[in-house]
Amino acid sequence: MILQRAFYERDVITVSKDLLGKLLVNESLEGKTSGKIVEIEAYCGPEDRAAHSFGGRRTARNEVMFGPKGHAYVYFIYGMYYCFNVTAGNVAGKPEAALIRALESLEGKDIMSNRRGATHEKAVTLTNGPGKLCMAMGISKVQNCADLIMPPFYIMDAPTVLPENIVETERIGIDYAREWRNKPWRFYIKGNASISAK
DNA sequence: TGCACGATTCTCT
DNA sequence: GAGAATCGTGCAA
């Protein structure tokens with residue numbers, strides 16, 4: 001069953017942890033690809049210096065974070081990669097989101113290999129990073145603002161990962177965020193081979 | 001209108 | 001472990 005709106009209308013950190021183990025699915029023209037979410041980071045709105053919405057900044061790019069929860073926030077980074085976020089939060093209109101950092105590929109691995117290029121045929125490296133999983137799943141700015149509670153692009157429910165199997169650590173790639181850099185808002189499934197970094 | 005830089009990844013040393 | 005690739009975005013001017 002597809003996760004419904006209420007799932008995302010909760011505290012963004014709770015939503016981030018609960019999204020671990022869930023299945024991201026994209027039914028594209030090339031075929032269906034899916035993967036289990038194994039790594040995620042929470043970005044906590046205006047007070048979080050690492051978030052695009054820090055200070056309440058509202059622009060054309062991050063506009064979707066101010067809208068309904070459970071939508072896709074996809075942005076272009078470093079001139080060549082996309083990052084995929086899910087909007088979430090227990091306060092309507094507050095710009096918060098969770099960054100999906102890694103998947104464990106399930107369906108459509110051949111399609112993922114094609115999208116990632118011939119030099120990346122090993123299953124694990126297809127989706128063990130935010131830019132990589134977007135490439136493998138066929139996510140681009142086309143999916144920006146997409147509603148994730150209905151096909152063709154959605155997240156399926158799956159058994160919740162137990163707290164003892166969730167590792168909490170500091171986020172990656174946000175050295176500029178000063179004191180917020182060390183917040184333990186990155187979560188991943190303990191022992192999973194598909195996470196992006198230790 | 002211009003310009004510095006990023007929630008990354010890959011290659012080469 | 002360092003450096004390149006590569007461009008939309010945000011903010012200063």
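All values reported here derive from a predicted model rather than from experimental measurement. So that the names make sense, note that chain A is the first sequence line, chain B the second, and so on, each numbered from 1.
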Inset, instruction - Take A:Arg101 and A:Glu41, measure what salt bridge (Lys or Arg N to Asp or Glu O under 4.0 Å) needs, and give me the verdict at the end. - result: CA-CA 7 Å; A:Arg101 289 193 55 89; A:Glu41 287 178 1; 3.6 Å; yes

Legend entry - Donor + acceptor pair across side chains of A:Asn90, A:Glu9 (<3.5 Å):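 No, A:Glu9 and A:Asn90 have no side-chain donor paired with an acceptor closer than 3.5 Å.
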
Inset, instruction - Test salt bridge (Lys or Arg N to Asp or Glu O under 4.0 Å) on A:Glu39 and A:Arg186 and set out the steps. - result: CA-CA 7 Å; A:Glu39 180 180 344; A:Arg186 170 173 174 248; 2.7 Å; yes

So what does [X] touch, heavy atoms closer than 4.0 Å: a base, only the sugar-phosphate, or nothing?
X: A:Gly79; value: base
X: A:Tyr78; value: base
X: A:Arg57; value: sugar-phosphate

Inset, instruction - Could you tell me whether a side-chain N or O of A:Asn26 sits under 3.5 Å from a main-chain N or O of A:Phe153, the two making a donor and an acceptor? - result: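 Not confirmed, A:Asn26 side chain does not pair with A:Phe153 backbone.
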
Legend entry - A:Lys22 side chain vs A:Asp18 backbone, donor-acceptor pair below 3.5 Å: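 Between the backbone of A:Asp18 and the side chain of A:Lys22 there is a qualifying donor-acceptor contact (under 3.5 Å).
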
If you check the [X] side chain, which of [options] turns out closest?
X: A:Arg61; options: C:dG10, B:dA7, B:dT9; answer: C:dG10
X: A:Tyr73; options: C:dT6, B:dA7, C:dC7; answer: B:dA7
X: A:Phe76; options: C:dG10, B:dG6, C:dC7; answer: C:dC7
X: A:Pro130; options: B:dT9, B:dA7, C:dG10; answer: B:dT9

Rounded off to whole Å, could you give me the [atom1]-to-[atom2] distance for the [X] and [N] pair?
X: A:Glu170; N: B:dA7; atom1: CD; atom2: C1'; answer: 14 Å
X: A:Phe54; N: C:dT9; atom1: CZ; atom2: C1'; answer: 18 Å
X: A:Tyr82; N: B:dG6; atom1: OH; atom2: C1'; answer: 15 Å
X: A:Arg171; N: B:dG6; atom1: CZ; atom2: C1'; answer: 15 Å
X: A:Asn182; N: B:dA7; atom1: CG; atom2: P; answer: 16 Å
X: A:Leu99; N: B:dG6; atom1: CG; atom2: C1'; answer: 13 Å
X: A:Lys141; N: C:dG8; atom1: NZ; atom2: P; answer: 7 Å
X: A:Leu133; N: B:dT9; atom1: CG; atom2: P; answer: 8 Å

Inset, instruction - Respond yes when some side-chain nitrogen or oxygen of A:Tyr75 is under 4.0 Å from OP1 or OP2 of B:dG6, and no when none is. - result: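 For B:dG6, neither OP1 nor OP2 has a side-chain N or O of A:Tyr75 closer than 4.0 Å.
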
Inset, instruction - For C:dT9, take OP1 and OP2 only and decide whether either is under 4.0 Å from a side-chain N or O of A:Thr59. - result: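 No, because none of the side-chain N or O atoms of A:Thr59 sits under 4.0 Å from OP1 or OP2 of C:dT9.
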
Legend entry - Any-strand Watson-Crick or G-U partner of C:dT6, both distances under 3.5 Å: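 Pair assignment: C:dT6 / none.
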
Inset, instruction - Provide the Watson-Crick or G-U wobble partner of B:dA7, both distances under 3.5 Å; none if there is no partner. - result: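 Looking at the geometry, B:dA7 pairs with no nucleotide.
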
Inset, instruction - Please state the C1' separation for the pair B:dC5 and C:dG3 - nearest whole angstrom. - result: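 B:dC5 and C:dG3 have their C1' atoms separated by 16 Å.
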
Inset, instruction - For the pair A:His52 and A:Tyr75, name the ring-plane relationship: parallel under 30°, tilted 30 to 60°, perpendicular over 60°. - result: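 Geometry flag for A:Tyr75 against A:His52: perpendicular rings.
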
Inset, instruction - On DNA chain C, check which nucleotide each of A:Ala60 and A:Met80 is closest to and give me the residue with the more 5' one. - result: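 Residue closer to the 5' terminus by nearest nucleotide: A:Met80.
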
